[in-house]
**Student:** 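Please see the structure below; I have some questions.
Just so it is clear, the model here is predicted, and its values are computed rather than measured. So that the names make sense, note that chain A is the first sequence line, chain B the second, and so on, each numbered from 1.
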Amino acid sequence: MAAADASSPDDRPENAKSGGRAASRNFIQQIIDADRAAGKNGGRVHTRFPPEPNGYLHIGHAKSICLNFGLANEYGGKFNLRFDDTNPVKEEQEYVDAIIDDVHWLGGEWDDRLFHASDYFEQLYDWAVQLIKAGKAYVCDLNAEEMRAHRGTLTEPGKNSPHRDRSVKENLELLEQMRAGKFPDGSRTLRAKIDMASPNLNMRDPVMYRIKHAHHQRTGDAWCIYPSYDYTHGQSDSIEGITHSICTLEFENHRPLYDWFCRELGIHHPQQIEFARLNLTYTVMSKRKLLELVRDKHVAGWDDPRMPTIRGLRRRGYTAESIRAFCERIGVAKFNSTIDMGWLEDAVREDLNERAPRAMAVLRPLKVVLTNLKAGETRTVEAPNHPQKPELGVRKVPLTREIYIEQDDFMEDAPKKFFRLKPGGDVRLRGAGIITCDEVVKDAAGAVTELHCTFDDDHSRKVKGTIHWVSAEHALSTEVRLYDRLFNVPNPDDASEGKTFLDHLNPDSIEVVADAKLEPSLANAEPGSRYQFERVGYFYADPLDSQPGRPVLNRTVTLRDSWAKAAGTA
RNA sequence: UGGGGUGUGGUGUAAUUGGCAACACGACGGAUUCUGAUUCCGUUAUUCAAGGUUCAAGUCCUUGCACCCCAGCCA
């Protein structure tokens, strides 16, 4: 979604697939196209991303950010970042800072348009006064419980509040006193006077202001009454000149209210458009559940690499490009779908396959002695950093008499389709030569402890398998963390059979390999850099836990493994 | 049993708005390969149901069905 991704006039036609047909447009683009064709807003497009700073951003927010920012970019419009900070008891500066950082990391750019709903508190108050004067709002003395009793139900209309017909003068005075802190929390509210019999419960005289003697992270103690979401959101959009206010499906029922406030106030009226939020398999996305995972220490924190949070994905090694590509690929619609986690994983594989330099690392070492090599002799082989990109250069890898290979790459009783090492068999050591397994050494318990092999540097021979390896003498021993999906069922939210999402936590979602054996060149791996460990997966040098000369690596994702699939071990 | 939405392959999104159901991912089969990776080629649908209108229906009409959202002084 960066400017470089936006279609230049030249690549538009290439975009068109199947015989010059224009690339398909999602329903929001179609609405905007129509608006522009009709000259609405003077053809202007201005979107925003409006998070509440009460938690960390997750992959579902990324969909919204990419959508909103992408649309602004595509139409040459603007994009605002605005915090919906109307509830001081739930919001914290820590979240504000993290959200700003994450949106920026994802590629969102808002220039000087970083706003807060709290910037508009005074204006909102003035508008409330205006609505009271117009007979469209009133102060209600009902407490929460009484208000619920008056609201009615889904099938029965509500009853008017006994305070609904107060005089304008009295309402004005009461609102002023509310603001002045004359009343305790919850004792009074300011309500819009709409229709207690509306089939849409949001229209049954919704609350505009509630009393909360709470310290706000931005406005401090200036206010003890705070505007509700419904009374704030549309007007904030309006003030900022937003043209298309894009939100998720659950706000569809609020649109009549959004429209009502803009209309009654006679202010710029943005168009609210709702789309389906992202659901992903094998994870949870609700703030409450994410918070619970962190609070009860089921994960190490908001940035735990297993979390679907932006911070977790970052720590896992995901690139912003791959997340954007993912958001692009899943599309935008109103159908409440669930995307397979595999799509996200494919998106990083695709990106990292292009950019990650290759290296060799042995996770579960099995010692191999190359009996025809002299002890103390070090040969050097040159290995390409990327098989398809010679321009990425080569690196030197030491080869000695004793090396480590992966335990999985040797099998005593191998099935015919096993292309790796077996007794008496040949296998290619990636980049070095071919070895033949002459002898299998076992301990008293019968477990294989080492292999004796002959090395042959004839590169021309054809052998079926190639395996990775590391010189035992030169190996860099370090910690590698193998992450897997946090939950072991596609839909952890499924609460049937009396289970909760916590019952579906995957006990194997993290495996720490304390001393994996990496090729020595990796000692220089910069924290935050990414590699493909050939035949194993993509890894990210943890920016927090890595030490100079000793990187700690997080597995971002495995490589596709058709052997594991065939062998039923995937 | 009120109101608001949504139903197209295994998954997700399209369909020039009534004109040959397309694209992507996966899966499966094959080719290439010093990564069982990558790459390449092929296969992969009675459009929720039943009626109706029409030369022609995913699209229009009728009647159903399923699923999601709403009874916070949360957003």
**Student:** When you match A:F251 and A:D340 each to their closest nucleotide on RNA chain B, which lands nearer the 5' end?
**Tutor:** A:D340
**Student:** Checking only heavy atoms, does the side chain of A:H468 share a donor-acceptor pair with the base of B:A37 at less than 3.5 Å?
**Tutor:** no
**Student:** Across all strands shown, which nucleotide pairs with B:C74 by Watson-Crick or G-U wobble geometry, both distances under 3.5 Å?
**Tutor:** none
**Student:** Just call it for A:T338: base, sugar-phosphate, or nothing, with non-hydrogen atoms closer than 4.0 Å on any strand.
**Tutor:** sugar-phosphate
**Student:** Quick check for you: among B:C73, B:U1, B:U35, whose closest atom lies nearest to any side-chain atom of A:M147?
**Tutor:** B:C73
**Student:** Between B:G12, B:C34, B:G26, which nucleotide gets closest to the side-chain atoms of A:R560?
**Tutor:** B:G26
**Student:** Report which part of the nucleic acid A:K464 touches: base, sugar-phosphate, or nothing (heavy-atom distance under 4.0 Å, all strands).
**Tutor:** nothing
**Student:** With the side chain of A:R148 defined as its heavy atoms from C-beta on, choose the nearest nucleotide among B:G72, B:G12, B:A75.
**Tutor:** B:G72
**Student:** Does the side-chain ring of A:W343 sit on the six-membered ring of the B:G12 base, less than 5.5 Å centre to centre and under 30° in tilt?
**Tutor:** no
**Student:** Identify whether any heavy atom of A:G342 sits under 4.0 Å from a base atom; if not, whether one sits that close to sugar-phosphate; answer base, sugar-phosphate or nothing.
**Tutor:** nothing
**Student:** When the C1' atoms of B:A66 and B:A27 are compared, how many Å lie between them, rounded to an integer?
**Tutor:** 27 Å
**Student:** So which of A:D205, A:T189, A:L131 actually passes side-chain contact (heavy atoms from CB on, under 4.5 Å) with A:Y138?
**Tutor:** A:D205
**Student:** Identify whether any heavy atom of A:H233 sits under 4.0 Å from a base atom; if not, whether one sits that close to sugar-phosphate; answer base, sugar-phosphate or nothing.
**Tutor:** nothing
**Student:** Please work out whether the ring planes of A:Y226 and A:H216 are parallel, tilted or perpendicular, with thresholds of 30° and 60°.
**Tutor:** parallel
**Student:** Looking across every strand, which nucleic acid part, if any, lies under 4.0 Å from A:P387 by heavy atom: base, sugar-phosphate, or nothing?
**Tutor:** base
**Student:** Between B:G7 and B:A45, how far is it from one C1' atom to the other, in whole Å?
**Tutor:** 16 Å
**Student:** Reckon A:I225 touches a base, only the sugar-phosphate, or nothing at all at heavy-atom distances under 4.0 Å?
**Tutor:** nothing
**Student:** Using the C1' atom as the point on both nucleotides, what is the distance between B:U59 and B:U11, in whole Å?
**Tutor:** 23 Å
**Student:** Tell me the closest heavy-atom pair linking A:I323 and A:A62, and the distance in Å.
**Tutor:** CG2-CB, 3.9 Å
**Student:** Suppose we screen for side chain to side chain donor-acceptor pair (under 3.5 Å). Which residues come up paired with A:D33, at least two apart in sequence or across chains?
**Tutor:** A:R25, A:Y75
**Student:** Can you tell which of B:G12, B:C74, B:A27 lies closest to the side chain of A:K565?
**Tutor:** B:A27
**Student:** Centre-to-centre under 6.0 Å for A:H233 and A:F251, is that the case here?
**Tutor:** no
**Student:** Taking the P atom in each of B:A22 and B:U47, what is the distance between them to the nearest angstrom?
**Tutor:** 13 Å
**Student:** Both A:F533 and A:F335 contact RNA chain B. Which one's nearest nucleotide lies toward the 5' end?
**Tutor:** A:F335
**Student:** Is any side-chain N or O of A:S337 closer than 4.0 Å to OP1 or OP2 of B:U11?
**Tutor:** no
**Student:** Ignoring hydrogens and angles, are the base of B:A37 and the side chain of A:Q388 linked by a donor-acceptor pair under 3.5 Å?
**Tutor:** yes
**Student:** For A:K389, answer base if it contacts any base atom (sugar-phosphate contacts may also be present), sugar-phosphate if it contacts only those atoms, and nothing otherwise; contact means non-hydrogen atoms under 4.0 Å.
**Tutor:** nothing
**Student:** Send over the distance from A:E328 CD to B:A14 C1', rounded to a whole Å.
**Tutor:** 14 Å
**Student:** What is the minimum heavy-atom distance between A:F183 and A:Q177, and which atoms define it?
**Tutor:** CZ-OE1, 3.3 Å
**Student:** Which part of the nucleic acid does A:E156 contact within heavy-atom distance under 4.0 Å: base, sugar-phosphate only, or nothing?
**Tutor:** nothing
**Student:** Could you work out which one of B:C70, B:U35, B:U6 sits closest to the side chain of A:K334?
**Tutor:** B:U6
**Student:** Which is true for A:T86 with a 4.0 Å heavy-atom rule: it touches a base, it touches only sugar-phosphate, or it touches nothing?
**Tutor:** sugar-phosphate
**Student:** Going by a 90° cut-off around 0, is B:U17 syn or anti?
**Tutor:** syn
**Student:** Regarding B:C25, can its base be found pairing with the side chain of A:D346 as donor and acceptor, where the two atoms are less than 3.5 Å apart?
**Tutor:** no
**Student:** For B:U44 and B:A49, measure between their C1' atoms and round to the nearest Å.
**Tutor:** 25 Å
**Student:** If you round to the nearest 0.5 Å, how far is CD of A:E250 from CG of A:N336?
**Tutor:** 9.5 Å
**Student:** Which nucleotide, if any, forms a Watson-Crick or G-U wobble pair with B:C65, using both distances under 3.5 Å?
**Tutor:** B:G7
**Student:** Looking at A:W223, I'd like to know if the NZ or CZ of A:R179 sits under 6.0 Å from its six-membered ring centre while staying within 45 degrees of the ring's axis.
**Tutor:** yes
**Student:** Examine the base of B:G4 for any acceptor or donor lying under 3.5 Å from a partner atom in the side chain of A:R255, and report the outcome as yes or no.
**Tutor:** no
**Student:** Answer with base, sugar-phosphate or nothing: what part of the nucleic acid does A:R358 contact at a heavy-atom distance below 4.0 Å?
**Tutor:** base
**Student:** Does any nucleotide pair with B:G36 by Watson-Crick or G-U wobble geometry, both distances under 3.5 Å, and what is it?
**Tutor:** none
**Student:** Heavy atoms only, 4.0 Å cut-off, all strands: where does A:R349 land among base, sugar-phosphate and nothing?
**Tutor:** nothing
**Student:** Tell me whether A:W563 and B:G36 count as stacked here, given that the ring centres must be under 5.5 Å apart and the planes must differ by less than 30 degrees.
**Tutor:** yes
**Student:** Say you pick atom C1' in B:C41 and the same atom in B:U33; how far apart are they, in whole Å?
**Tutor:** 15 Å
**Student:** Is there a Watson-Crick or G-U wobble partner for B:C60 with both distances under 3.5 Å, and which nucleotide is it?
**Tutor:** B:G52
**Student:** What contact category does A:M360 fall into here, base, sugar-phosphate, or nothing, at under 4.0 angstrom with non-hydrogen atoms?
**Tutor:** nothing
**Student:** Applying the Watson-Crick and G-U wobble criteria at under 3.5 Å, what pairs with B:C20? Answer none if nothing qualifies.
**Tutor:** none
**Student:** Which is true for A:N26 with a 4.0 Å heavy-atom rule: it touches a base, it touches only sugar-phosphate, or it touches nothing?
**Tutor:** sugar-phosphate
**Student:** Considering only atom P, compute the distance from B:U53 to B:U62 and round it to an integer number of Å.
**Tutor:** 15 Å
**Student:** With the side chain of A:R329 defined as its heavy atoms from C-beta on, choose the nearest nucleotide among B:A24, B:U38, B:A75.
**Tutor:** B:A24
**Student:** Under a 3.5 Å cut-off for both contacts, is B:U44 paired Watson-Crick or G-U wobble with anything, and if yes, with which nucleotide?
**Tutor:** B:G26
**Student:** Evaluate A:D259 against A:R255 for side chain to side chain contact (heavy atoms under 4.5 Å, CB included), listing each step before the verdict.
**Tutor:** CA-CA 6 Å; A:D259 293 339; A:R255 185 165 13 111; 3.6 Å; yes
**Student:** By nearest atom, which of the nucleotides B:A75, B:G12, B:G36 is closest to the A:R210 side chain?
**Tutor:** B:A75
**Student:** What nucleotide, of B:G26, B:G12, B:A71, holds the atom closest to the side chain of A:R151?
**Tutor:** B:A71
**Student:** Would you classify A:A333 as touching base, sugar-phosphate or nothing, given that sugar-phosphate means primed atoms plus P, OP1 and OP2, and contacts are heavy atoms under 4.0 Å?
**Tutor:** sugar-phosphate
**Student:** Using the P atom on both, measure B:C23 against B:U35 and round to a whole Å.
**Tutor:** 31 Å
